[in-house]
Amino acid sequence: MDNTQSRGFWGVSLCGHEDIRELSRDGSHYSLATGILPSLGARSHQRVHLRRFIISPYDHRYRAWENFLVIFVVYTAWVSPYEFGFLRKPTEPLSIIDNIVNGFFAIDIVLTFFVAYLDKSSYMLIDDRKRIARRYTSTWFAFDVISTIPSELARRISPPPLRSYGLYNMLRLWRLRRVSALFSRLEKNQRYNYFWVRCTKLASVTIFIVHCVGCFYYLLAARYHDPNKTWIGSSMSNFLNKSLWSRYVTTLYWSITTLTTVGYGDLHPVNTREMLFDIFYMLFNLGLTAYLIGNMTNMVVHGTRRTREFRRAILAASRFSMRNQLPARLEDQMLAHLCLKFRTDSEGLQQQKTLDSLPKAIRSSISQYLFYSLADKVYLFQGVSNDVLYQLVWCMEAEYFPPKEDVMLQNEAPMDFYIIVIGAMDMLIDRNGNEQVVKELKSGDICGEIGVIYSRPQFFTVRTKRLTQLLRLNRTTFNKIIQSNVEDGKIIKNNLIQHLKDQNGPIMEDILSEIQGLLAHDINGLELAIKRGDDVLLSGLLRQGLDPNKAGNGERTLLHITASNGNEDCVRLLLDHDANPNSKDSDGNVPLWEAMLGNHQSVVKILVDNGADLSYGDAGQFSCIAAEQNNLNLLKEIDRLGGDVTAPRNDGTTALHLAVSEDNLEMIEFLLDKGSDIDKPDIHGWTPRDLAEQQGHEHIKELFKTRRKTSATPVVGIPPLTHMLDQFSSNRTIRPASERDRTVAARPMRRTKDYFQNSIFGAISVVHSNVERDRRKQCVRVTVSFPETGETARKLVVLPETLRELLEVGLKKFGSLPKKVLNDARAEIDTVEIIRDGDHLIFAGSGGS
């Protein structure tokens, strides 16, 4: 909906409490008794700012005007049938009063063109003048105008057969719809007894029907050609000359006895026209009586059940408050909440019930559409991954709270936290029995998050200022999501600490100090301080007795994280507090290697000066990573800092294996100079010499011929004994006494900003990737063809480890170097990782020989 043409409506007071409770004391004039609640996820403000000269239909002044017109409606309901039956021409003072009443309703017609209306599909107030006029003219405008035309004018412009004075007056009964709306409001107002309101409505309908029918029946007698041969003329001779009061009472007497089917027989139809009228009237009475009884029974039994339950609940709550002498504020909160609950259940919204009845996928889509954009702007979730934010939004539930209601209390157990959709709340703190307003929360703000995240009693009391819609997230659900996404949990805690630091005032400083104390006993809290590079916070936490060598996830210590981030001050601070510079995580990494990977030379120097040595880590893994990156300088740095560049990693692969695969002759020469064995097999039995032969690196084979074998060739295909002993984590590792203390766990490439790998699903994915990587080192055979060369034959080859080597296979087999590799579906392949055993590959884009 165009925002320039609509305004949100939240102006409500409690259901059935029209003119009793106002949402705020600043002039807000909207009540629940006359309006409805907003839709889920709507974003608007409490006060409605309509266009100039546009009137809100819920303005108390406009409501007073409508109630004032009801008086004239009651007058019209009596006088219109009377004039139709008893008068032949306008008489004073009735004609004057009729025109005055018509004038008031003419004013109401003009006023309606400036009254906003509520769009039933979006629950938004429409204040565009064109749309208001279009809606009014297409609905009730014609009826309102016709019912307002003066009878004298209508008689002059009408044809002679239709110039009856009272006929046009009957059109004014269209105004009775206002009385129906009034009774509907009174039925929901608890100030009035529901039973007597319903009885009054039934009596009013009965009296109106008796009055109308009596006037019609008298008209039949008064307009008959022989007045003595009529129902009233037979018992009252010369009745036209009798007093008006006698004639009117007689007609009412006949009408009521006929309606109630009593019929004393003293008045009865005389001529045929009267008999026909009586027949239809009594048939109508049968239907009317059945309708009234059946409808009232149905409404009392079914339609009023919820209202009666509501009234009983209100009465029980009031008695409970009086019996226990509760403060007036608590009593108001109880009644307000019950009224709001009744309103949401009875007005047809039933939002949560509707959502619960839908499939999970639809509910998820609805929640994301309504709440994702709001949750994405909350400071606590800034920087978290989209999948985590989607999970959080899906678990949120929308709730409404009336004005002046406590959403949470200071020092209560942290069960939920809330995000404000619309409305406003005060955040209060109790100091020696006096409540102090700390902050006003508005749309997009969050409350209760500190207690939930750090599992401590709530710091504040939060109280609504007006009707407020909140998104509630349960603590248990939140913790489950965060525990499954470790990195996102750290981001959320980081956002919370930064938010507390940005707040001013001694209260927030005290809370920040307390939170920092909690962080001192939380390894994740220290990681948070380190990742933010906050050496002041880290120093304070270390002074509180934190063990700097305490390991977190993956046995990574604080020094690992600090070295990876390259923060010199934090590294010095940890080393000054006796952090172990050679601590090793589950991947075999040491802080020195983390600093080298990040190219933090200043941190490398600090660690080396404090006794750091690469030999305490998995040097074989380090060397293989350098070889995979074709980084000779990093390989030399490993050798300089005490790492054995000839050592294998857990699968038997050495840096020389990878250097041969990468065709890096300079690196191969360096490794050979350092004593690498060209005949050392990996777990699958491949030696560097075999790789050079299989991949066709002639210059590498010539280099190997000039080198002497450094050790006897082991049996091909049999992995080393130490690897077999270490294949299960539960087995104790048996190593040769001369071998350095190295871990045997494989170290996957770390992605410092990939939050997915920190989740449970990420861990499963990493295991799958490792299995897939090991599988690829086995013999994978594929069929290749090169149609562009004119050769249609297919050839079976062993899949090499890189795409570049695969293209070189095309040059060797077909005499032309292809530019790209396609699968059977003609989709381009950009990495060998997606190729499976038995696939058919097609070379394309001949690039010459």
Open item on the list: Treating S484 as the side-chain partner and K480 as the backbone partner, does any N or O pair qualify as donor plus acceptor under 3.5 Å?
Closed with: yes

- [ ] Please name the pair of heavy atoms, one in L409 and one in Q458, separated by the smallest distance, quoted to 0.1 Å.
- [x] O-CB, 3.6 Å

Open item on the list: Does the structure place the NZ or CZ of R475 under 6.0 Å from the centre of the six-membered ring of F417, at an angle of no more than 45° from the ring's axis?
Closed with: no

- [ ] Using atom types as modelled and distance alone, determine if a side-chain donor or acceptor of N434 lies under 3.5 Å from a backbone N or O of D430.
- [x] no

Open item on the list: Can a side-chain donor-acceptor contact be found between E405 and Y400 if the only test is distance below 3.5 angstrom?
Closed with: no

- [ ] Apply side-chain hydrogen bond (donor to acceptor under 3.5 Å, both in side chains) to D502 and Y379, showing your working.
- [x] CA-CA 12 Å; D502 294 338; Y379 83 87; over 6 Å; no

- [ ] Specify the closest pair of heavy atoms between G423 and T468, including all atoms of both residues, with the distance to one decimal.
- [x] CA-OG1, 3.9 Å

Task: Minimal non-hydrogen separation, T464 against P402, with atom names - done: OG1-O, 2.6 Å

- [ ] State, to 0.1 Å, how close V393 and A375 come at their nearest heavy-atom pair, and which atoms those are.
- [x] CG2-CB, 3.8 Å

- [ ] For residues C395 and I481, determine if any side-chain heavy atom of one lies less than 4.5 Å from a side-chain heavy atom of the other.
- [x] yes

Task: Flag if over 12 foreign heavy atoms under 6.0 Å of CZ, R319 - done: no

Open item on the list: Checking Q498 against N494: is there a side-chain donor and acceptor pair closer than 3.5 Å?
Closed with: no

Open item on the list: Given 3.5 Å as the limit, does a donor-acceptor pair link the side chain of S321 with the main chain of E331, or not?
Closed with: no

Open item on the list: Checking side chain to side chain contact (heavy atoms under 4.5 Å, CB included) between I54 and each of I132, V115, I126, which is the one that passes?
Closed with: I132

Task: Side-chain H-bond candidate by donor/acceptor type, D445 with Y418, under 3.5 Å - done: no

Task: S56 to L125 - nearest heavy-atom pair and separation - done: OG-CD1, 4.3 Å

Task: By side chain to side chain donor-acceptor pair (under 3.5 Å) - contacts of R472 (at least two apart) - done: E397, E399, D416

Task: N67 (side chain) donor-acceptor with R63 (main chain) under 3.5 angstrom - done: yes

Open item on the list: Hydrogens and angles aside, do S385 and D488 bring a side-chain donor and acceptor to less than 3.5 Å of each other?
Closed with: yes

TODO: Would you confirm whether N567, through its side chain, and D569, through its main-chain N or O, come within 3.5 Å as a donor-acceptor pair?
DONE: yes

Task: Closest approach of C447 to M408 (non-hydrogen atoms, all atoms of both residues) - done: O-CE, 4.0 Å

Open item on the list: Can a donor-acceptor pair be found, under 3.5 Å and without considering hydrogens, that links the side chain of D426 to the backbone of L428?
Closed with: no

- [ ] Using modelled atom types only, decide if a donor and an acceptor are shared between the side chain of H560 and the backbone of T557 within a distance under 3.5 Å.
- [x] yes

Task: Heavy-atom donor-acceptor pair, N324 side chain to F320 backbone, under 3.5 Å - done: yes

